[in-house]
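Scroll down for the structure; my scribbles are underneath it.
Atoms within a ligand are numbered from 1 in the order they appear, just like the ligands themselves. Excluded from the calculations below are hydrogen atoms, water molecules and symmetry mates; all remaining heavy atoms, backbone and side chain alike, are included.
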Amino acid sequence: MKLILLGPPGAGKGTQAKMLMDRYGIPQISTGDILRAAVKAGTPMGLRAKSFMDAGGLVPDEVVVGIVRERIQEDDCKAGFILDGFPRTVPQADALAEALTALGRPLDAVVSLAVDVEALVERLTGRRTCRDCGLGYHVTFAAPKAAGICDACGGELVQRDDDREETIRRRLDVYNEQTSPLIDYYRKSGLLSEVDGMLSMDAVQDEILAILRKE
Ligand code: AP5
Ligand code: ZN
């Protein structure tokens with residue numbers, strides 16, 4: 001199964017990708033997670049990416065295309081993968097198509113998650129992540145048992161630097177300008193399915209599974 005999860009910041013791409021990863025045993029490829037790890041490690045790529053990410057803008061295409069081109073060739077991607085947060089521009093989508101054609105492994109499906117703007121802002125301002133194990137929470141919709149502490153490992157829950165309201169609004173503008181044209185792009189190629197991302201996490205997962213069963 002080679003799948004793209006498309007949707008604005010906070011639509012639930014990461015949440016759904018992790019659920020699918022557990023079910024299908026295929027990796028989640030999140031360019032956001034890979035870039036944040038590079039920033040944390042202080043690599044040259046991380047240093048280059050940080051200013052774009054902090055401002056809520058996109059990291060240059062050639063950087064993310066390079067990351068994904070290498071990642072999809074790794075052994076654990078042979079059975080498939082879930083792309084989360086990539087592609088985000090038409091040139092990225094073209095580069096992905098070219099790389100997958102060269103590998104002889106075309107995409108199976110593109111699932112687009114639609115969520116209202118105010119719900120996106122509420123989801124992102126309330127998102128928390130475990131500093132130690134990376135598990136995701138929401139202060140209201142997926143709250144930990146004890147406030148600020150990870151249920152799984154006892155680690156501290158932290159907020160992402162770009163989850164401040166001003167940066168969130170900028171990320172949403174960037175999505176509308178640069179990423180939303182991909183909905184039509186994949187509709188034209190016949191790969192697109194649209195899911196109501198306003199539903200509960202489990203209901204969204206059921207909708208996605210129903211789509212994948214048809215593939
Ligand atoms: P990235 O990390 O990809 O962030 P994003 O696309 O903005 O997406 P998010 O991770 O914010 O949201 P999500 O859809 O995964 O939602 P989640 O499941 O966490 O990118 C960050 C930055 O990196 C970019 O701004 C850019 O600078 C750079 N970058 C990354 N990829 C790039 C690329 N390809 N090209 C260029 N630059 C790139 O859910 C959000 C919250 O809502 C959670 O708290 C969750 O618990 C809750 N929630 C989820 N689903 C539901 C539901 N159904 N009901 C209620 N709550 C829910
Ligand atoms: Zn944890």
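- Checked by atom type and distance alone, the side chain of Tyr137 pairs as donor or acceptor with a backbone atom of Asp151 at under 3.5 Å.
- Listed for the Asp116 side chain is no donor-acceptor partner under 3.5 Å among the backbone atoms of Glu118.
- Close N/O approach between Asp33 and ligand 1 is not found [any backbone or side-chain N/O within under 3.5 Å].
- Less than 4.0 angstrom separates some heavy atom of Gln92 from each of these atoms of ligand 1: 33 (C), 34 (N), 35 (N), 36 (C).
- Looking at Leu6, Leu35, Val65 and measuring to atom 28 (C) of ligand 1, the nearest heavy atom belongs to Leu35.
- The shortest N or O to N or O distance between Gly85 and ligand 1 is under 3.5 Å.
- A donor-acceptor pair under 3.5 Å is absent between the side-chain atoms of Thr167 and the main chain of Asp163, judged by distance alone.
- Relative to atom 1 (P) of ligand 1, the option among Arg88, Lys13, Met53 with the closest non-hydrogen atom is Arg88.
- Less than 4.0 angstrom separates some heavy atom of Phe86 from each of these atoms of ligand 1: 34 (N).
- Contacts between Tyr137 and ligand 1, counted as non-hydrogen atom pairs separated by less than 4.0 Å, involve the backbone only.
- Counting only distance, with no hydrogens or angles, the side chain of Gln159 and the backbone of Thr125 share a donor-acceptor pair below 3.5 Å.
- Residues Val68 and Leu191 share a hydrophobic cluster, clusters being chains of Ile/Leu/Val/Met/Phe/Trp/Tyr side chains in contact below 4.5 Å.
- The nearest protein atom to atom 37 (N) of ligand 1, hydrogens excluded, is given as Val59 N, 3.1 Å; this is a heavy-atom distance.
- Between Pro9 and Leu120, the shortest heavy-atom contact is O-CD2, 3.3 Å.
- Given atom 12 (O) of ligand 1, the protein heavy atom at minimum distance is Gly10 N, 2.9 Å.
- Shown here for Lys13 and Leu5, the closest heavy-atom pair between the two residues is O-CD1, 3.4 Å.
- Scanning the protein for heavy atoms near atom 56 (N) of ligand 1, the closest one is Phe141 CD1, 3.4 Å.
- Under a 3.5 Å cut-off, the side chain of Arg123 and the backbone N or O of Ala11 do form a donor-acceptor pair.
- When heavy-atom distances to ligand 1 are checked against a 4.0 Å cut-off, Val64 comes that close only through its side chain, counted from C-beta outward.
- Shortest contact from atom 42 (O) of ligand 1 to any protein heavy atom: Arg123 CB, 3.3 Å.
- A donor-acceptor contact shorter than 3.5 Å is absent between the side chain of His138 and the backbone of Ala143.
- With a 4.0 Å cut-off on non-hydrogen atoms, Gln16 does not touch ligand 1 at all.
- The protein non-hydrogen atom at the shortest distance from atom 16 (O) of ligand 1 is Gly12 N, 3.3 Å.
- Less than 4.0 angstrom separates some heavy atom of Pro9 from each of these atoms of ligand 1: 5 (P), 7 (O), 8 (O), 12 (O).
- Closest to atom 47 (C) of ligand 1 by heavy atom, among Met198, Met201, Arg127, is Met201.
- Near Gly57, the atoms of ligand 1 lying under 4.0 angstrom from a non-hydrogen atom of the residue are 25 (O), 26 (C), 27 (O).
- The side-chain contact (heavy atoms from CB on, under 4.5 Å) test with Glu207 singles out one residue from Asp202, Leu113, Val195, and that residue is Val195.
- Under 4.0 angstrom from ligand 1, there are no non-hydrogen atoms of Pro87.
- For ligand 1, the atoms sitting less than 4.0 Å from at least one non-hydrogen atom of Arg36 are 2 (O), 21 (C), numbered in the order shown with element in parentheses.
- Residue Arg160 touches ligand 1 through its side chain alone, judged by heavy-atom distances below 4.0 Å.
- Taking any N or O of Leu58, backbone or side chain, none lies under 3.5 Å from an N or O belonging to ligand 1.
- Listed by atom number, the atoms of ligand 1 under 4.0 Å from His138 heavy atoms are 44 (O), 46 (O).
- Any N or O atom pair closer than 3.5 Å counts here, and Thr31 shares at least one such pair with ligand 1.
- Minimum interatomic distance between Ala99 and Arg69 (heavy atoms only, all atoms of both residues): CB-CG, 4.2 Å.
- Residue contact check: Leu124 has heavy atoms under 4.0 Å from atoms 11 (O) of ligand 1.
- Only protein N, O or S atoms were considered, and those under 2.8 Å from the Zn ion (ligand 2) are Cys130 SG, Cys133 SG, Cys150 SG, Cys153 SG.
- Under the 3.5 Å distance criterion, the side-chain polar atoms of Thr31 are matched with a main-chain donor or acceptor of Gly85.
- For the residue pair Thr89/Asp61, the side-chain donor-acceptor check at 3.5 Å is satisfied.
- The closest protein non-hydrogen atom to atom 53 (N) of ligand 1 is Leu199 O, 2.9 Å.
- The nearest heavy-atom contact from the protein to atom 18 (O) of ligand 1 is Thr15 OG1, 2.5 Å.
- Close approach of ligand 1 to Gly14 (heavy-atom distance below 4.0 Å) involves ligand atoms 13 (P), 15 (O), 18 (O).
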